[in-house]
Amino acid sequence: DAGVIQSPRHEVTEMGQEVTLRCKPISGHNSLFWYRQTMMRGLELLIYFNNNVPIDDSGMPEDRFSAKMPNASFSTLKIQPSEPRDSAVYFCASIETSGSDNEQFFGPGTRLTVL
Amino acid sequence: GESVGLHLPTLSVQEGDNSIINCAYSNSASDYFIWYKQESGKGPQFIIDIRSNMDKRQGQRVTVLLNKTVKHLSLQIAATQPGDSAVYFCAERVWGSQGNLIFGKGTKLSVKP
């Protein structure tokens with residue numbers, strides 16, 4: 001298995017531009033998580049989905065952030081308009097929850113820089 | 001200039017020594033715990049897990065201890081190697097949360113050769 005796939009790996013954009021981050025979870029996993037990691041705040045959960053349905057989006061910082069999961073194999077995190085304070089590494093993770101105890105598998109992350 | 005950021009606890013050990021990384025978790029309803037390792041430029045990777053009905057679990061060179069009375073988790077690494085240098089996170093899962101994990105702030109382990 002290729003693991004959790006994220007794209008792009010690096011994104012540099014200018015303030016005000018729209019940014020879309022993409023995630024392909026591990027096949028068969030039914031929960032997907034988006035995290036943001038910064039030096040200031042560490043690893044923060046933004047939103048998570050179970051069976052493609054958003055369960056908890058209380059970590060989404062503002063209305064500028066939105067996430068979708070149109071099917072079991074794809075999710076997007078969109079920032080519109082982007083701001084310099086959005087610069088961070090964004091991780092996607094997935095897990096199969098119908099079994100016993102399982103860990104979340106993390107993708108390699110997308111490093112976002114907003115100038 | 002000086003950067004202001006999250007102050008991670010740092011543990012510095014000599015190669016070959018044993019390391020112990022500690023974590024206090026928050027929720028007495030948590031039923032499952034995981035230790036993750038994050039190397040620079042990579043996503044967190046699973047190391048070892050433990051259920052709340054256990055107090056100790058051993059892996060290869062790693063041992064996790066759970067003390068539910070004081071809500072404390074520890075990770076012991078035997079014969080620490082330079083490749084163990086990373087940030088280590090503990091995570092707890094609250095029962096019924098559909099896999100959602102609450103992550104600790106992390107501890108930076110630095111191994112001196």
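Here is how names work: the chains are called A, B, and so on, in the same order as the sequence lines, proteins then strands, and each is numbered from 1.
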**OP:** Go through the atoms of B:L101 and report whether side chain, backbone, both or neither lie under 4.5 Å from a heavy atom of chain A.
**Re:** both

**OP:** Kindly check if the number of other-residue, nucleotide or ligand heavy atoms within 6.0 Å of NZ (B:K68) is above 12?
**Re:** yes

Original post:
Just wondering, more than 12 heavy atoms not from B:Q60 lying within 6.0 Å of its CD?
Top reply: no

**OP:** Kindly work out whether a path of hydrophobic side-chain contacts (I/L/V/M/F/W/Y, heavy atoms less than 4.5 Å apart) joins A:L32 to A:I95.
**Re:** no

Original post:
What option among B:D31, B:D49, B:N100 has the most heavy-atom pairs under 4.5 Å with chain A?
Top reply: B:N100

Original post:
Distance from A:M39 atom CE to B:L8 atom CG, nearest 0.5 Å?
Top reply: 6.5 Å

Original post:
Is the shortest heavy-atom distance from the side chain of B:F103 to the side chain of A:Q37 under 4.5 Å?
Top reply: no

Original post:
Just wondering, more than 12 heavy atoms not from A:N71 lying within 6.0 Å of its CG?
Top reply: yes

Original post:
Counting heavy atoms not belonging to A:E14, are there more than 12 under 6.0 Å from its CD?
Top reply: no

**OP:** Compare every heavy atom of A:Q104 with every heavy atom of B:Y36, then report the nearest pair and how far apart it is.
**Re:** OH-O, 2.7 Å

Original post:
Which answer fits B:Q38, side chain, backbone, both or neither, if we ask what part of it has an atom under 4.5 Å from a heavy atom of chain A?
Top reply: side chain

Original post:
Under a 4.5 Å cut-off applied to non-hydrogen side-chain atoms, are A:F91 and B:P44 in contact?
Top reply: yes

**OP:** Determine whether more than 12 heavy atoms belonging to other residues, nucleotides or ligands lie under 6.0 Å from atom CZ of A:R64.
**Re:** yes

Original post:
How far does CD of A:E103 sit from CZ of B:R93, to the nearest 0.5 angstrom?
Top reply: 11.0 Å

